[in-house]
Structures are given as structure tokens and as C-alpha cells.
Amino acid sequence: MKPAHYVNGVFTTTGTAFPLFSPVDGSQVGVVPEAPHDVVDAAVRAARTALAGPWGRTSVEERCSMLRRIADGIEARFDEFVEAEVVDTGKPRELAATVDIPRAIGNFRSYADLAYGRPERAYPTTVPGWSGSGQALNYTVRRPLGVVAIISPWNLPLLLLTWKVAPALAAGNAVVAKPSEETPSTATLLAAVIDEVGLPAGAFNLVHGHGANAAGEHLTSHPGVDAIAFTGASATGTAIMRSAADHITPVSFELGGKNAALVFADADLAEAVEGTVRSSFTHSGQICLCTERVYVQRPRFEEFVDALAERVRALKDYGPMISAEHRDKVLSYYRLAVEEGATVVAGGGVPSFGDGRDGGFHVEPTVLTGLPQTARTVREEIFGPVCHVAPFDDEDEAVRLANDSPYGLAATVWTTDLSRAHRVAPRVEAGIVWVNCWNLRDLRTPFGGVKASGIGREGGEYSLDFFSEPVNVCVKI
């Protein structure tokens, strides 16, 4: 299905089209319409009208039933969604088929279950001196925030879009979504499924386009938007927050990371190496949770580096960077690392395949050592298939190094000492800390970062809390 806007229940390609390129071989695979301001305005108006109409009168039971039907619709078109995700992102098909699309289905089903079974609180209140019984009942109800703008990134396009759309709809909001301009296809397919399910016109709207000075900026600064949920770069989050401040618009941000792994001398080295290969190089490092800083206790440092480098040199099935621009950014950091004094123990360049992939946006998975903590390569998010490995001596130094970052999204601790795991994990300044694993997720748990890695938490009831407003009702008895 070709990328198209979906506004007030109608598909349209209004706007100047821009090309969509395959990250795998650089060829043009389609065009995407850039939503002009009037299309964004129409989407916000349609959402506002839906809230005042049939969508605003739906019960939680009705909304949850619709969410389950959306999940069924994605499942029925599973292969089509996988193909669209692979074409847009260039990621390995197995990754899209085992993570991205199943998680999108799971997002709708899990939020349908959570919203339907969610309890509210009631408080009997006694006030001496009141006339009558001197009693009251205070209870809480929740109402939707209103029109919610959802901006999703290119690395996990459908997964992260549905991660926000599902709870927003479950809470009764009307949505205007804008996916990344790099990855429009699965968002358009989702709109088609929603159209087939029969949500009231305007309950879900989709606009395509760029961010700054384009559709994204117009949406996030629109006075008709009541809340903004965004996943992406910290710099973009800063810009959105400035525009949101004009209308005191609530925001939920999941931003960048420069995630650390701590490998203690007592760790199962083989397990830690394999875990670090996953955490640093899955989707070629283009996941916000990926590890870019690895700290290894000194007695095992050389052994770990040698084993990691050997495994990384053997990697074959890895995808490209999302675009030529992003490839060039990652390669600029490879060059910067050498200028800053790094030793390149694996990778560091551009692979040669001898086929069409040589026209794509690939870079080599790379392992670096030898940089100081102050190096830009150690401090700035690269968002590519690269990690820097450095030694530490004791537990306090490990925690200090992990926390010495402007970011605080995720971390991983590798140790066989359970007491150490419980000591270290709470001291690490990150929103999620894994012990002897990585990216093991439960959709009910809080997800988000600290410092420059975000504001607020997503997942389970935390998302439902953001997308709804608690109202206290006090009734005198």
C-alpha cells in the first residue's frame, strides 16, 4: 500500500511528494506525500469533531473491543506488514517478523485488557460537624486528554507507533499520528486496518511529512492539540518542548541514550559477550536501548575485548543504516574516534558485499577501545553498530562511569553475584536496568529514561495514566 494521509476517515495524497529510498541498496522504492499545513489542520479538526461525536460517546468496553479487532486485522495482514517494515527500514526480515509486528499486535491486545480491567478508587469520608450523616463519598473517574499528537521514529516504526496509539485510543483520546518520513509504510497499513475495523471518522488520523518547519512542527505546535507523545532524538524533544510550552501542553518523551553495560569479573564471560553482541548490534545499533559504552572489570578486560571482537568480525546478517545521511553521521564518528585516539579492534569502515547492497547505507559493526571518558565518541549518542570498551577496578568506579553521562535510558549489569546485582542496579541512573540479560520486556512495566533520555513513563498503567486525566467526584451523603 502506497503511503497516504488518513484524515477524517478518508485516504489522501495531498501535498508535494518526496522520494523514499531503500536503505539496503539505495534505490528509490516509492514517494511520500508531505502534509501541508491545511492537511494537518484538517486532521486536528477531525479529531476534535470525533471527540464531540460518536467516538467521544464510546464506552471503555467498546473501545477495547475495537483495539482487539485492530490487533486481529494486523495479524490477518501479518506478511504484508513484515514486508513493508523490511522495505522501509532494511532490517533483517526475521527481526521484523519476530519482534516488530508481533509486538504491535501485542500492544493493542495488552492495552485492551488493561483498560477494560482497570479499577478506580473510592474513599468514604467522614467530616464531624456536617449536617445530616456527616459523610461523603469521594471517587475517581478518568477522562481522555482530548486530541493527542503522536510522533514516532524510524527505527521501530510500527512497534513504537502502536505503543502510543493503543493506550491513547483505549483512554478515549482522538489521535493525530505522524510517523518518521523515512518509514511511512506500516503506519499507512495501520490506518487501513483501523479503517476496516470501523473506528468513527476522526478518532485516528495520520499525516506524513518531515519534522522541523513541516508537518511535524505544525502538529506539535498546534493550539488544538491537548497532549504530545514523542519518541526520538533528544534535540528534537527539546524543540517540541519549547513549542509545547506556549500552550502548556503535556508531553511524554522517550529520547536518546548512551547506554552502559557493566561486566564484573565474576560474570559468565561467554554469556556477557553474547549479550553485548545483542545489546550493541541488534538492528545495527539503531535501537534507543542499544549499548554504546561497555565497562569491564580489569582482570577480564583483555579476554572480554578479544572475545567480543572475534564475534563482531563474524557478524554477517546485519542491516543498513536508515539513510545515507545517517550512514555518513555514523562514519563521521568512526573517524572521530580514531582522531581522539581510539584503537579499532573490529570494524571501523564500510563493508563490501559484491552485490546490490554496496549501493546501500551499510557500515561495519565496530568495537573501540582506548578512549578517555571525556571523548566525544564516549559521550555523544551515535545510534549505530558501535561500542567502546573500557576497564574499571571496583564497584564504585563502575557505577560512577555508568552514571557519567548526560543520558539515562537503560543499562545492563553482568554478574553472578546476586547481592552485587541488587546493590548496583538501583545506583545506576537509568530508567531500566537489566541483570544478565538485555531488552527482556514486560509490557506492564514502566519504560522511560532520566536526564536527557526523556520525561515520563510508558507501558501498562503508566501510559494509561498519561493519556487520561483523573477527576475526583465528591458526593455528600
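One-based numbering along the sequence shown.
The shortest distance between side-chain heavy atoms of P391 and Y295 does not fall below 4.5 Å. In this structure, Y111 and T162 have side chains that are not in contact, with every pair of non-hydrogen atoms separated by 4.5 Å or more. Looking at heavy atoms from C-beta onward, L206 lies out of side-chain contact with F11 at the 4.5 angstrom threshold. Residues V225 and V148 form no side-chain contact, since every pair of their non-hydrogen atoms from C-beta on lies 4.5 Å or further apart.
A salt bridge between R77 and E196 is present, with a side-chain N of the basic residue lying under 4.0 Å from a carboxylate O of the acidic one. Ionic pairing of D25 and R357 is not present here: no N-O contact between side-chain nitrogen and carboxylate oxygen is shorter than 4.0 angstrom. Of the charged side-chain nitrogens involved, none lies within less than 4.0 Å of a carboxylate oxygen, so that R300 and D266 do not count as a salt-bridged pair. By the 4.0 Å N-to-carboxylate-O rule, E458 lies close enough to K164 to be salt-bridged with it. The existence of a salt bridge linking D113 and R68 is confirmed by a sub-4.0 Å separation between a basic side-chain nitrogen and an acidic carboxylate oxygen. Look at E85 and R93 and you find no salt bridge, because none of the NZ, NE, NH1 or NH2 atoms lies under 4.0 Å from a carboxylate O. In summary, D396 and R427 engage in a salt bridge, as defined by a charged side-chain N under 4.0 Å from a carboxylate O.
Applying the side chain to side chain contact (heavy atoms under 4.5 Å, CB included) test to M241 and every residue at least two apart in sequence or in another chain returns F253, I455. Considering only residues two or more places apart in sequence or on other chains, I382 meets the side chain to side chain contact (heavy atoms under 4.5 Å, CB included) condition with K258, E292, V330, Y333, T377, V386. Annotation: ring pair (Phe, Tyr, Trp, His ring centres under 6.0 Å) contacts of F392 (sequence neighbours excluded): F264.
Side chains of R441 and T445: a donor-acceptor N/O pair is present below 3.5 angstrom, by distance only. Side-chain contact of T415 with D417: a donor-acceptor pair under 3.5 Å is absent, judged by distance alone. Side-chain contact annotation: Y407 with N259, donor-acceptor N/O pair under 3.5 Å absent. Checked by atom type, the side-chain pair T188/H208 shows a donor-acceptor distance below 3.5 Å. For D88 and T183, the side-chain atoms include no donor-acceptor pair closer than 3.5 Å. A side-chain N or O of T291 and one of S279 form a donor-acceptor pair less than 3.5 Å apart.
Aromatic pair F230/W163: centroids not less than 6.0 angstrom apart. Outside the 6.0 Å centre-distance limit, the rings of H283 and Y318 are not counted as a close aromatic pair.
No option in T236, T220, V176, L160 other than T220 meets the side chain to side chain contact (heavy atoms under 4.5 Å, CB included) test with I151.
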Practice task
For the pair E34 and T16, evaluate side chain to side chain donor-acceptor pair (under 3.5 Å) and give the outcome as yes or no after the intermediate values.
Solution key: CA-CA 5 Å; E34 176 78 48; T16 304; over 6 Å; no

Exercise for the section: Starting from the C-alpha separation in whole Å, work towards a yes-or-no answer on side chain to side chain contact (heavy atoms under 4.5 Å, CB included) for S468 and L145. Expected result: CA-CA 5 Å; S468 61; L145 295 177; 5.8 Å; no

Problem - Trace of the salt bridge (charged side-chain N to carboxylate O under 4.0 Å, His left out) decision for R457 with E254 - result: CA-CA 8 Å; R457 291 295 181 268; E254 194 267 283; over 6 Å; no

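Counting non-hydrogen atoms of neighbouring residues, nucleotides and ligands closer than 6.0 angstrom, the OH atom of Y462 reaches no more than 12 such neighbours.
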